[in-house]
Amino acid sequence: MFVANRPWVKENLDGLMKQWGYFPELDYTEILHHLGEYTYNLRAAQRIIEQHLWGGEVKADVVVKFLDMDIPGRIELIQTWKSGIIYLDMTIEVSNVYREFPEAQMAILAHEYSHAFHYLRDDFHPPTDSLEYENMTDLSTVALGMGQMMLRGREVKRNPSTRDILGYMDGNLLSYAQQIYESKEGKYPPADSMPHATIRPGSETSWKHEEPIFTIPVSPPKPKKKITYWD
């Protein structure tokens with residue numbers, strides 16, 4: 001079973017920022033302002049994220065749905081290309097469990113949009129180990145300037161006795177990655193000076209990502225506290 005550690009975080013974060021450039025931090029409060037119980041809120045938030053990630057390089061048509069499902073989020077997309085413009089049809093599904101938790105929606109969007117960013121890069125090669133790839137996706141939220149979105153939304157208190165932990169990477173490691181990211185401003189080319197998307201071979205093939213089942217190793221919970229995980 002893959003478990004990330006500090007050397008892995010440092011090496012891979014450095015590699016991602018060298019490859020993609022330095023993305024400025026996306027203001028998580030701007031995203032939270034648009035999140036809530038209804039899908040049109042999520043659509044407003046996703047437009048801000050897309051502008052942050054791709055600028056005008058990608059024309060995205062995104063549908064966001066709340067559904068009854070046993071994982072927090074899921075993504076399905078297809079890329080096409082016409083007259084020099086990349087078009088992206090994408091569906092993001094969010095568990096109904098988090099309909100009333102904007103912070104959780106924020107973390108789910110950060111994670112799923114990182115998957116979409118990977119998909120649009122023909123120079124990105126995900127690890128063959130599925131759990132390592134999911135850790136890489138959490139790490140990518142930091143490299144793409146969405147680390148605060150992930151950090152502030154990954155723990156969800158659904159009620160006094162239930163606390164959900166979203167994502168795959170340990171929270172301390174994610175915070176460590178965010179500290180590295182913040183210390184690197186000005187040390188990599190700015191992301192807006194580099195291409196944000198490339199044409200992937202077989203671009204008109206539909207792609208759907210299913211999150212693997214995984215329980216994050218943590219210290220035992222306090223008595224009478226039920227903890228559930230992204231699974």
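Since the structure is predicted, the reported quantities are computational estimates derived from the model, not experimental observations.
Nearest heavy-atom pair across Met150 and Ala107 is SD-O, 3.6 Å. Taking all atoms of both residues into account, the shortest heavy-atom contact from Ser114 to Leu144 is OG-CD1, 3.8 Å. Scanning both residues, Phe101 and Lys157, for their nearest heavy atoms gives CE2-O, 3.4 Å. The two residues Ser193 and Pro190 come nearest to each other via the heavy atoms OG-O, 2.6 Å. Of all non-hydrogen atoms in Val9 and Ala177, the two that sit nearest each other are CG1-CB, 3.7 Å. Nearest approach of Arg74 to Glu112, heavy atoms of both residues: N-OE2, 3.7 Å.
Residues that satisfy the salt bridge (charged side-chain N to carboxylate O under 4.0 Å, His left out) test with Glu155, not counting sequence neighbours, are Arg163. Considering only residues two or more places apart in sequence or on other chains, Tyr87 meets the ring pair (Phe, Tyr, Trp, His ring centres under 6.0 Å) condition with none of them. Checked against ring pair (Phe, Tyr, Trp, His ring centres under 6.0 Å), His34 has no partners two or more places apart in sequence or in another chain. In this structure Asp14 satisfies the salt bridge (charged side-chain N to carboxylate O under 4.0 Å, His left out) test together with Lys18, sequence neighbours excluded. Under the rule for a side-chain hydrogen bond (donor to acceptor under 3.5 Å, both in side chains), the partners of Asn96 that lie at least two apart in sequence or sit in another chain are Asp68, Arg99.
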* To do: Tell me, with the steps shown, if Phe124 and Leu16 meet side-chain contact (heavy atoms from CB on, under 4.5 Å).
  => CA-CA 9 Å; Phe124 177 79; Leu16 294 176; 4.2 Å; yes
* **Derivation and outcome, side-chain contact (heavy atoms from CB on, under 4.5 Å), residues Leu13 and Val142** => CA-CA 8 Å; Leu13 183 60; Val142 176; 4.2 Å; yes
* Take Asn172 and Leu174 through the side-chain contact (heavy atoms from CB on, under 4.5 Å) test and state the conclusion after the steps. => CA-CA 5 Å; Asn172 291 327; Leu174 200 61; over 6 Å; no
* To do: Show the numbers, then the answer: is there a ring pair (Phe, Tyr, Trp, His ring centres under 6.0 Å) between Phe66 and Tyr38?
  => CA-CA 8 Å; Phe66 286 110; Tyr38 304 101; 8.4 Å; no
* Asked: Can you check side-chain contact (heavy atoms from CB on, under 4.5 Å) on Ile86 and Lys59, steps first, answer last?
  -> CA-CA 6 Å; Ile86 297 173; Lys59 301 292 185 181; over 6 Å; no
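At distances below 3.5 Å, at least one donor-acceptor pair connects side-chain atoms of Gln105 with backbone N or O atoms of Gly36. In this structure, the side chain of Tyr181 engages the main chain of Phe23 through a donor-acceptor pair within 3.5 Å. The backbone N or O of Met169 lies less than 3.5 Å from a partner atom in the side chain of Asp138, making a donor-acceptor pair. Side-chain atoms of Gln46 come within 3.5 Å of backbone atoms of Arg43 as a donor-acceptor pair (strictly under, hydrogens ignored).
In this structure the side chain of Met90 reaches within 4.5 angstrom of the side chain of Ile92, judged on heavy atoms. Residues Leu120 and Leu53 are not in side-chain contact: their nearest non-hydrogen atoms beyond the backbone lie 4.5 Å or more apart. Residues Leu77 and Leu88 are in side-chain contact: their nearest non-hydrogen atoms beyond the backbone lie under 4.5 Å apart. Contact of the Met136 side chain with the Pro126 side chain is not registered, since no non-hydrogen atoms from C-beta on lie closer than 4.5 Å. Contact of the Tyr22 side chain with the Lys187 side chain is not registered, since no non-hydrogen atoms from C-beta on lie closer than 4.5 Å.
Ser140 and His118 are linked by a side-chain donor-acceptor pair at a separation below 3.5 angstrom, with hydrogens and angles left out of the test. A donor atom on one side chain and an acceptor atom on the other are found under 3.5 Å apart for Tyr113 and Glu50. Between the side chains of Asn159 and Thr162, at least one donor N or O sits under 3.5 Å from an acceptor N or O.
The number of heavy-atom neighbours closer than 6.0 Å to CD of Glu57, taken from other residues, nucleotides and ligands shown, is above 12.
Annotation: the span from Ile108 atom CD1 to Ile75 atom CD1 amounts to 12.5 Å, rounded to 0.5 Å. In this structure, CD on Glu132 lies 11.5 Å from CD on Glu134, to the nearest 0.5 angstrom. To the nearest 0.5 Å, atoms CG (Asn135) and CG (Asp170) are separated by 9.5 Å. A distance of 8.5 Å separates CE in Met149 from NE2 in His52, rounded to the nearest 0.5 Å. Note that the CG atom of Leu151 and the CE atom of Met106 stand 9.0 Å from one another [nearest 0.5 Å]. Distance check: Leu166 CG to Ile71 CD1 gives 12.0 Å after rounding to the nearest 0.5 Å.
Annotation: cation-pi geometry satisfied between Arg6 and Tyr176 (NZ/CZ under 6.0 angstrom from ring centroid, within 45° of ring axis).
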Please list, one pair per line, the donor and acceptor atoms closer than 3.5 Å that link side chains of residues 24-31 to other protein atoms, with sequence neighbours excluded.
unit_1	atom_1	unit_2	atom_2	d
Glu25	OE1	Gln178	NE2	2.8
Glu25	OE2	Gln148	N	3.3
Asp27	OD1	Thr29	N	3.0
Asp27	OD1	Thr29	OG1	2.6
Asp27	OD2	Thr29	OG1	3.1
Tyr28	OH	Arg152	NE	3.4
Tyr28	OH	Arg152	NH1	3.2

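Residues Trp8 and Val3 share a hydrophobic cluster, clusters being chains of Ile/Leu/Val/Met/Phe/Trp/Tyr side chains in contact below 4.5 Å.
Aromatic ring centres of Tyr188 and Trp20: separated by at least 6.0 Å. Annotation: Tyr133 is in aromatic contact with His115 [ring centroid separation under 6.0 Å].
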